[in-house]
Amino acid sequence: MKIITTISEMQSLADSLRREGKTIGFVPTMGFLHEGHVSLMRRARQSSDVVVVSIFVNPTQFGPNEDLDRYPRDEAGDRAKCEAAGVDVLFMPQASGMYPDTLPSVFVMVERISDILEGAVRPGHFRGVATVVSKLFNIVKPHKAFFGQKDYQQCAVIRRMVKGLNMDIDVEVLPTVREPDGLAMSSRNSYLGADDRRKAAVIHRALSAAEQLAGTGTRAPELLKSKIQTVLKQEEGIEIDYVEVVDYETLAPLSSTKDVMVLLVAVRVGRTRLIDNIVIQ
Ligand code: AMP
């Protein structure tokens with residue numbers, strides 16, 4: 001596996017791969033890799049000639065009081081996981097290379113969809129995400145890019161950005177990989193103490209309860225929402241940020257049943273903020 005840390009080297013490698021007619025599959029991450037990330041790498045491995053993974057903890061997507069400084073890191077473990085998954089190139093740029101200006105002036109904005117849900121709680125978050133993903137796309141020059149459904153709104157923002165800017169990249173979204181008790185895998189789960197970790201399993205229990213309810217024919221958004229809230233409230237110490245039932249494309253809250261609905265949850269367990277979702281067909 002080749003490790004690249006400079007933007008210019010990554011760009012020239014991407015150019016020469018493209019000249020050779022190779023397809024580039026790309027998995028952008030912030031590191032502290034787990035099975036969720038690895039599932040994206042495996043899919044990229046199956047469907048591209050060359051697999052590039054990036055690890056970059058992107059400062060522009062963190063708010064001033066968020067966890068940028070304590071975001072977990074494990075460079076040696078990450079390298080080993082990439083190597084085992086058959087990754088060809090690990091791209092690990094420096095923050096100073098990605099953002100040479102003290103005050104960056106160029107951003108990519110995907111309006112409206114970036115301002116609701118996660119964007120309402122984390123102002124500027126999706127501006128940072130859209131900016132760094134476009135920069136990485138311009139550096140890695142992939143044919144295909146792979147993202148996880150766990151970050152549903154992020155996927156929606158990226159799909160819009162790719163479409164809106166006519167980027168010639170195929171975006172594939174893969175299912176959420178979960179722990180045995182249903183908790184969605186996340187680098188941030190490492191913040192949870194044993195008690196909070198146990199409590200966090202309620203998120204998936206709540207989403208599954210709503211899914212089950214929908215399966216029996218009760219599909220009214222208000223009823224699904226209230227089912228999720230009821231189950232979440234059964235676990236002490238879970239603070240609900242939002243529970244929403246939304247349209248799968250626009251993410252607009254639904255007041256009546258639709259064929260495809262997305263149930264989105266964000267909670268705080270102690271100091272840790274966790275998100276999850278489930279799509280109901
Ligand atoms: P992150 O390192 O958290 O920025 O995530 C990098 C990519 O991995 C994003 O596309 C995430 O949606 C995806 N991802 C994170 N957790 C999971 C998971 N549990 N299952 C599937 N994909 C995931």
Side-chain angles (χ1 to χ4, degrees), residues 25-48 51-63 66-68 70-75 77-79 81-82 85 87 90-93 95 98 117-118 122 125-137 140 142 144-162 169-192 197 200-201 203-204 207-208 251 262 264-266 272-279:
F26 179 42
V27 180
T29 81
M30 297 207 300
F32 208 71
L33 303 175
H34 51 66
E35 260 313 298
H37 299 114
V38 172
S39 72
L40 307 184
M41 296 176 202
R42 287 206 198 97
R43 178 78 188 120
R45 183 66 287 162
Q46 283 171 353
S47 59
S48 343
V51 177
V52 181
V53 170
S54 65
I55 296 181
F56 180 60
V57 181
N58 172 40
T60 64
Q61 72 189 67
F62 287 77
E66 292 184 0
D67 55 346
L68 173 62
R70 63 185 187 111
Y71 197 81
R73 290 164 201 255
D74 175 16
E75 207 179 301
D78 287 351
R79 279 185 199 209
K81 282 176 191 141
C82 289
V87 170
L90 179 55
F91 177 52
M92 298 197 292
M98 290 293 279
L117 302 159
E118 282 304 282
R122 307 180 67 189
H125 172 66
F126 289 116
R127 181 181 80 153
V129 169
T131 301
V132 80
V133 172
S134 355
K135 285 167 74 72
L136 289 167
F137 282 176
V140 175
K144 298 177 187 180
F146 301 85
F147 295 88
Q149 187 197 309
K150 150 130 198 305
D151 300 285
Y152 192 93
Q153 190 175 5
Q154 171 169 284
C155 294
V157 167
I158 287 162
R159 279 192 194 284
R160 283 221 167 189
M161 175 187 86
V162 165
I169 297 170
D170 179 26
V171 171
E172 194 174 330
V173 174
L174 291 156
T176 304
V177 177
R178 300 179 178 281
E179 300 286 356
D181 67 357
L183 178 65
M185 288 192 180
S186 164
S187 310
R188 289 190 167 101
N189 292 350
S190 63
Y191 297 151
L192 298 167
R197 168 64 191 80
I203 304 167
H204 187 245
L207 286 167
S208 302
L251 272 61
V262 187
L264 296 167
V265 170
T272 307
R273 197 163 174 282
L274 299 173
I275 58 170
D276 201 352
N277 67 82
I278 219 166
V279 178

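Order of listing sets the numbers, starting from 1, for every ligand and every atom in it.
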Exercise. Give the residue, atom name and distance (to 0.1 Å) of the protein heavy atom nearest atom 4 (O) of ligand 1.
Key: M30 CG, 3.6 Å
Quiz item: Which atoms form the tightest heavy-atom contact between V173 and G148, and what is the distance?
Solution: CG1-C, 4.2 Å
Exercise. Looking only at non-hydrogen atoms, find the nearest pair between A156 and L251 and report the distance.
Key: CB-CD1, 3.9 Å
Quiz item: Just wondering, do D78 and H37 contact through their side chains at under 4.5 Å, heavy atoms?
Solution: no
Quiz item: If you measure every N/O of M185 against every N/O of ligand 1, is any gap under 3.5 Å?
Solution: yes
Exercise. Could you tell me if any non-hydrogen atom of T176 lies under 4.0 Å from any atom of ligand 1?
Key: yes
Quiz item: At what distance is the nearest protein heavy atom to atom 20 (N) of ligand 1, and which residue and atom is it?
Solution: V177 N, 2.8 Å
Quiz prompt | Enumerated ligand 1 atoms positioned under 4.0 Å from heavy atoms of F147 | solution = 10 (O)
Quiz item: Taking atom 2 (O) of ligand 1 as the point of reference, which of H34, H37, Q149 owns the nearest heavy atom?
Solution: H37
Quiz item: Which bit of P28 is near ligand 1, meaning a heavy atom under 4.0 Å away: side chain, backbone, both or neither?
Solution: backbone
Quiz prompt | cation_pi(R70, Y191) dist<6.0 Å, angle<=45 | solution = yes
Quiz item: Is Q149 close to V279 at the side-chain level, that is, under 4.5 Å between some pair of heavy atoms?
Solution: yes
Practice problem: Apply side-chain hydrogen bond (donor to acceptor under 3.5 Å, both in side chains) to R188 and list each qualifying residue two or more places apart in sequence or on a separate chain. | Solution: D67
Practice problem: Please work out whether any backbone atom (N, CA, C, O) or any side-chain heavy atom from C-beta onward of L40 is under 4.0 Å from ligand 1, and answer side chain, backbone, both or neither. | Solution: side chain
Quiz item: In the protein, what heavy atom is nearest to atom 21 (C) of ligand 1, and what distance, to one decimal place, separates them?
Solution: P175 O, 3.5 Å
Quiz prompt | Minimum-distance protein heavy atom relative to atom 11 (C) of ligand 1 | solution = D151 OD2, 3.1 Å
Quiz item: Relative to atom 22 (N) of ligand 1, which among G31, G148, A145, S186 owns the nearest non-hydrogen atom?
Solution: G148
Quiz item: So, do R45 and V87 sit near enough that their side-chain heavy atoms are less than 4.5 Å apart?
Solution: no
Quiz item: Which residues pass the side-chain hydrogen bond (donor to acceptor under 3.5 Å, both in side chains) test with N58, sequence neighbours left out?
Solution: T60, Q61, Y99
